[in-house]
Amino acid sequence: MGAHFINWVIISLCAGCLGLELTPVTDPVISEVGDNAMLEIKPPGVLGAVAWFFSPAAIPVVSWTETNPVIGAGYENRVTLNTATGSMELRSVHLSDAGVYTFQGNSFTSGREPFNGSVTLEVYEPITNVNVKPSLAQPIANQALNLTCEVLGSQTVSSRLWLKDDGPEQVSITGPDQEVLNSSVTFTCSAKSLPPCNYTWYFNETETAQSSQYNIASVSYANSGSYTCVAWNSVTERKSSAVKEFTVTGEFIGFVSKYFL
Ligand SMILES: *[C@@H]1O[C@H](CO)[C@@H](O)[C@H](O)[C@H]1NC(C)=O
Ligand SMILES: *[C@@H]1O[C@H](CO)[C@@H](O)[C@H](O)[C@H]1NC(C)=O
Ligand SMILES: *[C@@H]1O[C@H](CO)[C@@H](O)[C@H](O)[C@H]1NC(C)=O
Ligand SMILES: *[C@@H]1O[C@H](CO)[C@@H](O)[C@H](O)[C@H]1NC(C)=O
Ligand SMILES: *[C@@H]1O[C@H](CO)[C@@H](O)[C@H](O)[C@H]1NC(C)=O
């Protein structure tokens, strides 16, 4: 297997001729531990040969020269080479797979054209064990309290975001102020809230729906009136609301129509 790689490198590196430096489809490729990573390239023309190496030690990963792909030691059952494009799939990645992968090969355009390039693979470990630890088990009013965000285990943390239960605030309803008879109308209610709030709709003070959107498939004159959205956060136990006045008009034949119909 090693000999195959050496052979192939000698064949492919046509001394003195400038290879096309190929830009990978995605670079860097970002994966979570356990995911399958796709290192994708699109060489011009029909693929003639390709080889992938893991830098900086140029560890052979996979190579192909119009026969069966040769998989490098340690990559058995984890690598699939697409022999049409030269793209490589690396399955169930681990942290040690992160790094730069270089590739070289050739494809037939006007002649056999060499190409090469590199892709960076970034591998992240999802964080599972997070704890917020207060400095005092029982916080005391008007006394300082420190909260520490602890990540248990050896996981690397790149950023932390602190959130506090809050809202709902800035409740607003989007949707039309008026619409012609028989048309479809959707009102959407939104609010700033943590955790996300629940919404209840009222029409002329009668409860009509419980969702962020309220849809009327075909409006009639009886749908004219006042629409209220109440946002409710059960954690902060706070409510906040917004009101929209809505009018159903006759067929659109001018601004006077709604007064005469
Ligand atoms: C591609 O090959 C050229 C010429 O051999 C070399 O200068 C360049 O660094 C190579 N690019 C990559 C990304 O390996
Ligand atoms: C909170 O942390 C700061 C900085 O580490 C420290 O000076 C302070 O004493 C701590 N306060 C409490 C209540 O633990
Ligand atoms: C609205 O729909 C009703 C019943 O489907 C129909 O009789 C009426 O002609 C429609 N009006 C308009 C303006 O499209
Ligand atoms: C809703 O309220 C509006 C304004 O007060 C009124 O014009 C309309 O008739 C009411 N509609 C219903 C169905 O109660
Ligand atoms: C929304 O309503 C559901 C069901 O009534 C409830 O379990 C949930 O806690 C509510 N969420 C908020 C943020 O109020």
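It should be emphasised that the depicted structure is a prediction, and the values quoted were computed from it without experimental measurement. Each ligand, and each atom within it, is numbered from 1 in the order the structure gives.
- Of the possible donor and acceptor atoms, one in the side chain of Asn82 sits under 3.5 Å from a partner among the backbone N and O of Ala84.
- In the vicinity of Glu21, heavy-atom distances shorter than 4.0 Å reach the ligand 1 atoms 8 (C), 11 (N), 13 (C).
- Inter-residue side-chain proximity for Val119 and Val29 is flagged as met; some heavy-atom pair is nearer than 4.5 Å.
- When only non-hydrogen protein atoms are considered, atom 7 (O) of ligand 4 lies nearest to Ser224 O, 4.9 Å.
- Atoms CG and CG, on Asn131 and Leu147 in that order, are 11.5 Å from each other to the nearest 0.5 Å.
- At a 4.0 Å heavy-atom cut-off, ligand 1 touches Asn116 through the side chain alone.
- Distance check for atom 4 (C) of ligand 3: every protein heavy atom is found at 4.0 Å or beyond.
- At least one protein heavy atom sits closer than 4.0 Å to atom 14 (O) of ligand 3.
- The single protein non-hydrogen atom nearest to atom 1 (C) of ligand 3 is Asn182 ND2, 1.4 Å, given as residue, atom name and distance.
- Here the protein heavy atom with the shortest distance to atom 6 (C) of ligand 4 is Asn204 ND2, 4.2 Å.
- At least one heavy atom of Gly117 sits closer than 4.0 Å to an atom of ligand 1.
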Next on the checklist: Evaluate Lys192 against Asp166 for salt bridge (charged side-chain N to carboxylate O under 4.0 Å, His left out), listing each step before the verdict.
Outcome noted: CA-CA 8 Å; Lys192 277 195 167 168; Asp166 199 16; over 6 Å; no
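- When all heavy atoms of Ser118 and Asp27 are compared, the closest pair comes out as O-OD2, 3.9 Å.
- For atom 11 (N) of ligand 3, a protein heavy-atom neighbour is present inside the 4.0 Å cut-off.
- Heavy-atom distances between Ala222 and ligand 4 reach below 4.0 Å in at least one pair.
- The list of ring-ring contact (aromatic ring centres under 6.0 Å, His included) pairs with a residue in residues 163-194, not counting sequence neighbours, reads Phe187-Tyr227, Phe187-Phe246.
- Leu47 has its side chain within reach of Phe115: a pair of non-hydrogen atoms, C-beta onward, lies under 4.5 Å apart.
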